[in-house]
2 protein chains.
Amino acid sequence: MLNNKVTPRAFKDAAYAAFAQVTKAMGSPRRLELLDLLVQGPRTVEQLALGTAQPVPSASQHLQVLRRARLVQTQRRGTHVVYRLAPEVGPVFVALRRLAQARSPELQAARGDFFGPEGPLEVIHAEELRSLLAEGRVALLDVRPADEFEHAHIAGARSIPFEELPERLNELPRDQLVVATCRGPYCALAIQAVRLVRASGRSAVRYEEGVAEWQLDGGQLASSAG
Amino acid sequence: MLNNKVTPRAFKDAAYAAFAQVTKAMGSPRRLELLDLLVQGPRTVEQLALGTAQPVPSASQHLQVLRRARLVQTQRRGTHVVYRLAPEVGPVFVALRRLAQARSPELQAARGDFFGPEGPLEVIHAEELRSLLAEGRVALLDVRPADEFEHAHIAGARSIPFEELPERLNELPRDQLVVATCRGPYCALAIQAVRLVRASGRSAVRYEEGVAEWQLDGGQLASSAG
DNA sequence: GTGCTATTCAATCGTTATGTTGAATAACAA
DNA sequence: TTGTTATTCAACATAACGATTGAATAGCAC
């Protein structure tokens with residue numbers, strides 16, 4: 001028999017309260033932004049505060065909400081506390097973002113205002129990119145900072161951080177399509193990279209998602225020792 | 001060039017605010033419970049209020065939050081307003097619940113208190129169930145109400161609503177394992193069904209997840225006209 | 001130990017969410 | 001039209017959240 005001491009109602013209340021602790025933790029723009037940064041790799045509180053343009057104490061408090069919801073984990077390194085995403089959080093976060101983006105006209109409008117009206121010719125999608133990569137017919141260029149590339153990148157990508165791109169354009173092939181990728185849909189680096197690469201006479205398009213989306217879609221990741 | 005009228009910061013603020021509208025809508029136990037009911041099929045406001053043990057105006061307000069976040073859609077049917085899950089929401093909701101459950105000791109403890117300390121012998125997981133179903137070596141019994149079964153059920157399942165189970169036990173085979181399934185991990189019907197079936201001399205185990213989890217794990221669903 | 005830095009804790013205040021109640025609206029039936 | 005039902009709106013009190021400060025703690029260098 002079921003344990004009579006716990007009524008179904010009491011159990012449901014407890015269950016949904018526990019569930020809501022996780023969804024509540026994700027219910028703040030600041031915290032979503034923090035999670036988005038953490039998808040790229042572990043960060044200290046200070047780095048996270050800088051990256052999200054908020055005071056350190058605010059970032060710390062938001063991070064503790066995320067930690068209580070067990071969405072992130074901490075580790076002390078000397079005087080720094082390093083936060084990282086908890087296991088399995090990345091794909092769920094990305095799936096949520098995709099859902100939000102798919103059914104939010106406001107978000108699509110905001111992207112249009114910021115990125116400009118890019119035609120579909122500018123971007124390549126996961127499926128096509130995957131087959132081109134498998135055939136070795138494309139050069140995949142990851143323009144994120146080196147440490148983010150080291151933490152995780154699309155298998156087969158090469159790293160040229162955006163700041164170094166102008167002087168390292170000659171490393172890119174002239175006879176292949178160049179695909180630029182950065183942090184994900186809210187990151188403008190890949191767009192600028194595509195412009196630079198095109199200006200050098202090469203053909204280039206953008207993969208507008210990031211490592212977590214790639215993984216969610218069944219793609220392989222790689223990481224360097226670091 | 002990027003549109004200079006929109007700074008990166010302003011764009012990010014807008015983007016994460018839009019994203020947070022969705023996660024905020026999910027950040028309430030009441031609304032999670034409403035979503036959980038809606039995963040089983042469309043419902044009127046009154047049914048949803050009853051099913052979540054809250055006054056109708058409260059349910060209506062929560063549903064409107066969900067609608068503004070575009071997680072549910074409405075449709076008038078005479079004097080009733082029928083709410084249903086928006087497309088693609090089910091799998092993401094389930095993935096979130098799974099994440100919450102996997103990393104919430106409180107939730108696991110609450111489940112243990114309510115369901116009792118069931119051994120792993122009591123349950124069967126998706127992978128094994130799928131192969132047994134493919135080989136026709138199992139009778140899958142869905143004990144949810146008929147309308148939920150009609151809306152969506154695991155392909156190959158047969159419907160015997162829990163209230164009718166005692167007088168319809170003879171419809172179940174004696175030479176096959178019976179697997180009972182209901183709404184999902186917070187639903188106690190399947191446990192009680194397993195007990196009934198076992199008491200009739202048949203062997204039975206429980207599939208402790210529901211249709212949305214089955215779909216998320218790549219399983220086929222079916223639905224009757226209705 | 002002392003000084004320094006990174007992070008967290010604590011207290012405040014303004015804002016936002018929640019649940020409750022009662023009234024208003026929309027569709028249907030007579 | 002009038003009455004009836006289902007749903008939504010409006011207004012209030014209570015509670016939770018969020019950003020901002022300043023103080024406290026933990027580790028490191030000397």
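Per chain, numbering begins at 1; letters A, B, ... match sequence-line order. The figures here come from the full heavy-atom set of this structure, side chains too, leaving out hydrogens, waters and symmetry mates. Here the structure is a predicted model, which is why all the values come from computation and not from measurement.
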| remark: In whole angstroms, the gap separating C1' of C:dT18 from CG of B:Leu66 amounts to 14 Å

| said: If you apply the rule side-chain hydrogen bond (donor to acceptor under 3.5 Å, both in side chains), what do you find for B:Gln75 with B:Arg84, and how did you get there? | reply: CA-CA 8 Å; B:Gln75 183 187 355; B:Arg84 68 180 64 239; 3.2 Å; yes

| Aromatic ring proximity, centroids under 6.0 angstrom, B:Phe115 and A:Phe11 | yes

| query | So, is B:Arg77 near the phosphate of C:dA27, with a side-chain N or O under 4.0 Å from OP1 or OP2? | reply | no

| request: Look at the side chain of B:Asp142 and the backbone N and O of B:Arg144, then say whether any donor-acceptor pair between them is shorter than 3.5 Å. | output: yes

| query | Between B:Arg76 and D:dA6, does any side-chain N or O lie under 4.0 Å from OP1 or OP2? | reply | no

| query | Quick check, are the ring centers of A:Tyr16 and B:Tyr186 under 6.0 angstrom apart? | reply | yes

| message | Tell me the interatomic distance from B:Leu50, atom CG, to D:dT5, atom P, rounded to whole angstroms. | response | 16 Å

| field | A:Arg30 side-chain N/O to D:dA19 phosphate OP1/OP2 under 4.0 Å | value | yes

| query | For the pair made of NZ in B:Lys24 and C1' in D:dC17, what is the distance, rounded to whole Å? | reply | 10 Å

| said: I want to confirm an ordering. Mapping A:Gly78 and A:Gly27 to their closest nucleotides on DNA chain D, which one lands closer to the 5' end? | reply: A:Gly27

| Closest to the A:Gln61 side chain, choosing from D:dT8, C:dT18, C:dA10 | C:dA10

| said: If I take atom CD in residue A:Gln64 and atom P in nucleotide C:dA6, what distance separates them, rounded to the nearest angstrom? | reply: 18 Å

| message | Do A:Leu129 and A:Trp214 make a side-chain contact, defined as non-hydrogen atoms from C-beta onward lying under 4.5 Å apart? | response | yes

| message | Closest approach to the side chain of B:Thr79, judged atom by atom: which nucleotide of D:dC28, C:dT7, C:dC28 is it? | response | C:dC28

| query | How long is the line joining CG of B:Leu63 and P of C:dG19, in whole Å? | reply | 13 Å

| query | Under 4.0 angstrom, heavy atoms only, what part of the nucleic acid is A:Ser58 near: base, sugar-phosphate, or nothing? | reply | base

| note | Side-chain contact check for A:Val56: nearest option of D:dG18, D:dC17, C:dT8 is C:dT8

| task | Let me know the distance between CD of A:Gln21 and P of D:dC17, rounded to the nearest Å. | result | 10 Å

| message | Using a heavy-atom cut-off of 4.0 Å across all strands, would you classify A:Pro55 as base, sugar-phosphate, or nothing? | response | sugar-phosphate

| A:Tyr83 side-chain N/O to C:dA6 phosphate OP1/OP2 under 4.0 Å | no

| said: Run the side-chain hydrogen bond (donor to acceptor under 3.5 Å, both in side chains) test on A:Ser104 and A:Gln108 for me, step by step, so that the C-alpha distance in whole Å, both residues' side-chain angles and the decisive distance to 0.1 Å come before the verdict. | reply: CA-CA 6 Å; A:Ser104 167; A:Gln108 284 159 19; over 6 Å; no

| task | Go through D:dG22, C:dT7, D:dC9 for me and flag the one nearest to the A:Pro57 side chain. | result | D:dG22

| query | Side chain of A:His62: nearest nucleotide among D:dT8, D:dA19, C:dT8? | reply | D:dA19

| said: For D:dT7 and B:His80 - does any side-chain N or O of the residue sit under 4.0 Å from the phosphate oxygens OP1/OP2? | reply: yes

| request: Tell me what A:Arg67 touches on the nucleic acid: a base, only sugar-phosphate, or nothing, going by heavy atoms under 4.0 Å. | output: nothing

| remark: Taken to the nearest whole Å, CD/A:Glu46 to P/D:dG27 is 18 Å

| query | Can you tell me how far P of D:dT5 sits from CD of B:Gln47, to the nearest Å? | reply | 18 Å

